[in-house]
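One structure is given here, and the rest of the page talks about it.
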Amino acid sequence: MGDKAESSDEEPTIAEDVVVTKYKMAGEMTNRVMAQVLSSAVEGASILELCELGDRLIIEETGKVYKKEKELKKGIAFPTCVSVNNCVCHFSPLRSDALVKLKNGDVLKIELGAHVDGFIAVAAHTKVVGSSMDNKVTGRKADVIQAAYTAAEVALRMVVPGGDNLLVTEAIQKTATSFKCQPIEGILSHQLKRNMYDSEKCILLNPSEAHRKEYKQVQFELHEAYAIDILVSTGDGKAKQLDTRTTVFRRTEDLYNLKMKASRAFYSDISSKFDVMPFSLRSCEDEGKARMGVVECINHNLVEPYNVLYEKEGEFVAQFKFTVLLMPNGPQKITSIPFDQEAISSSLSLQDQELKTLLATSTARKSKKKKKKTKASSTKDVPPAAELPSSTTGTSENQAPPIAEVKS
């Protein structure tokens with residue numbers, strides 16, 4: 001959501017201080033809300049209540065800034081989703097759905113996001129209910145969480161100016177297989193732009209043969225922003241839709257003259273309240289009418305669904321997602337919740353020596369040295385791209401179609 005640039009057709013980027021400020025604001029809000037939702041995710045808590053809590057806190061947080069700028073849009077960039085165990089993503093129940101409560105030992109993934117003036121910050125974190133330093137997570141739950149977190153740390157060090165998306169895909173695959181796990185096939189991490197989740201530049205997880213033929217090779221550039229989404233499974237990584245109701249949608253740019261009154265009312269409501277940001281039907285003024293109105297909108301591609309996806313029963317899925325800004329003095333991760341390494345005890349570890357060496361490098365941003373009477377070129381401060389063996393993945397002019405896209 002947010003107004004388009006008024007005086008120029010040029011896309012605003014983090015080369016502008018004001019844009020960086022808005023991204024950081026959204027990131028700080030996302031982090032605070034994520035921390036509160038995580039602390040509330042205890043045995044007996046209902047997933048509905050957690051989702052409502054996250055959404056309410058984002059609205060409260062974003063409501064505190066830019067109060068005098070009435071035309072500036074801000075709010076939820078991604079509605080709170082809480083997906084448990086083999087549920088991969090996008091579980092965000094309605095009040096009319098059956099109540100689901102958390103149990104000790106559940107592997108839950110919380111995903112949410114905020115935006116300020118259309119500049120998006122999203123995050124996801126994995127937690128095992130009831131785990132602690134004294135009650136460590138072990139076995140396959142520990143393996144998949146460690147795999148996903150380690151892959152996220154690898155990606156953070158490779159998504160730098162001059163870096164190659166195909167090499168990131170390859171490195172994430174190697175990391176996951178070290179823990180006898182698989183990334184979820186078809187998940188996409190996108191470059192972020194103002195009011196835009198799915199820019200052309202992306203990183204694809206666990207591509208199928210069909211994806212490999214169409215996955216476009218790109219390089220990351222200075223002053224770009226990315227939402228890096230790592231989803232890893234103890235299973236084969238092939239997620240599918242079951243019979244769970246889809247509740248999260250996003251408005252498209254398509255046009256159609258809706259026939260039903262309920263559909264027109266629904267479309268008008270979401271256009272004014274959410275603009276182009278993903279939303280939950282739960283956030284609509286009348287949930288029942290929204291469930292009716294969304295059907296015709298789906299049929300004519302006015303909204304696109306974020307379907308609830310699942311791995312096989314008995315498998316576990318872990319997710320870590322962060323927003324990163326590619327700044328002149330190094331990548332800056334603006335959404336991040338501390339990982340409780342002491343609560344995770346996996347018997348497996350990363351095997352690839354080059355990736356282990358990469359992980360040993362610091363992610364701290366480089367300090368800019370002030371020089372008298374000289375202007376340093378911004379390219380001098382750009383960290384070199386992490387180098388790994390050449391990828392064998394093919395390239396094409398078209399972006400790979402998502403199978404299980406989180407559309408971040």
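If you read the sequence from its start, that first residue is 1, and numbering goes on from there. Hydrogens, waters and symmetry mates play no part in the numbers below; they use all other heavy atoms, side chains included. If you're wondering where the values come from, they're calculated on a predicted model, not measured in any experiment.
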Side chains of [X] and [Y] in contact at under 4.5 Å (non-hydrogen atoms):
X: Leu156; Y: Phe322; result: yes
X: Leu108; Y: Val129; result: yes
X: Ile110; Y: Cys81; result: no
X: Thr363; Y: Arg157; result: yes
X: Phe119; Y: Ile14; result: no
X: Ser83; Y: Gln319; result: no
X: Leu359; Y: Leu350; result: yes
X: Ile228; Y: Val324; result: yes

Can you tell me if [X] uses its side chain to pair, donor with acceptor, with the backbone of [Y] under 3.5 Å?
X: Thr175; Y: Ala171; value: yes
X: Lys22; Y: Gly118; value: no
X: Thr234; Y: Arg140; value: no
X: Asp97; Y: Leu94; value: yes
X: Thr335; Y: Thr323; value: yes
X: Glu287; Y: Ser96; value: yes
X: Asn307; Y: Gln241; value: no
X: Asn206; Y: Ile184; value: no
X: Ser178; Y: Gln351; value: yes
X: Lys109; Y: Val317; value: yes

[X] and [Y] ion-paired at < 4.0 Å:
X: Lys238; Y: Glu311; answer: no
X: Glu200; Y: Lys216; answer: yes
X: Glu170; Y: Lys174; answer: yes
X: Lys127; Y: Asp340; answer: no
X: Glu224; Y: Lys201; answer: yes

Between [Y] and [X], is there a side-chain donor-acceptor contact under 3.5 Å, judged purely by atom types and distance?
X: Asn86; Y: Glu315; answer: no
X: Asp164; Y: Gln217; answer: yes
X: Ser189; Y: Asp229; answer: no
X: Thr177; Y: Gln182; answer: no
X: Ser346; Y: Asp143; answer: yes

How about CD on Glu313, more than 12 heavy atoms from neighbouring residues, nucleotides or ligands closer than 6.0 Å, or not?
no

- Might you confirm whether atom CD of Gln341 has over 12 heavy atoms from other residues, nucleotides or ligands at distances under 6.0 Å? yes

Does the ring center of Phe78 lie less than 6.0 Å from the ring center of Tyr306? yes

Taking the six-membered ring for Trp, are the ring centroids of Tyr197 and His190 within less than 6.0 Å of each other?
no

Would you name the heavy atoms of [X] and [Y] that are closest together and state the gap between them?
X: Ile230; Y: Ala151; value: CG2-CB, 3.8 Å
X: Ile344; Y: Ala142; value: CG2-O, 3.8 Å
X: Ser345; Y: Lys136; value: CB-CD, 4.1 Å
X: Val107; Y: Phe316; value: CG2-CD2, 3.9 Å
X: Ala176; Y: Val232; value: CB-CG1, 4.2 Å
X: Asp269; Y: Glu285; value: OD2-N, 3.7 Å

Here the gap from Ser208 atom OG to Lys213 atom NZ, rounded to the nearest 0.5 Å, amounts to 9.5 Å

Contacts of Asp106 meeting side chain to side chain donor-acceptor pair (under 3.5 Å) (sequence neighbours excluded), chain-then-number -> Asn85

Between side-chain atoms of residues 48-65 and protein atoms elsewhere (two or more places apart, or another chain), which donor-acceptor pairs fall under 3.5 Å?
unit_1	atom_1	unit_2	atom_2	d
Glu49	OE1	Ser46	OG	3.4
Glu52	OE2	Arg95	NE	2.9
Asp55	OD1	Thr80	N	2.8
Asp55	OD1	Thr80	OG1	2.9
Asp55	OD2	Arg282	NH2	2.9
Glu61	OE1	Arg32	NE	3.3
Glu61	OE1	Arg32	NH2	2.8
Glu61	OE2	Arg32	NE	3.2
Thr62	OG1	Ile58	O	2.9
Thr62	OG1	Ile59	O	3.3

Residues passing the ring pair (Phe, Tyr, Trp, His ring centres under 6.0 Å) test with Tyr149, sequence neighbours excluded, are Phe320, Phe339

Exercise for review: Take Leu112 and Met34 through the side-chain contact (heavy atoms from CB on, under 4.5 Å) test and state the conclusion after the steps.
Suggested key: CA-CA 7 Å; Leu112 53 84; Met34 176 66 79; 4.0 Å; yes

Partner of Ile334 under side-chain contact (heavy atoms from CB on, under 4.5 Å), picked from Val20, Asn31, Thr30, Leu325, is Leu325

Salt bridge (charged side-chain N to carboxylate O under 4.0 Å, His left out) test vs Asp275 passes for just one of Lys74, Arg194, Arg251, Arg250, namely Arg251

- Begin with the C-alpha distance, continue with both residues' side-chain angles, and end with the deciding distance and a verdict on side-chain hydrogen bond (donor to acceptor under 3.5 Å, both in side chains) for Ser199 and Gln191. CA-CA 5 Å; Ser199 299; Gln191 179 187 359; 4.8 Å; no

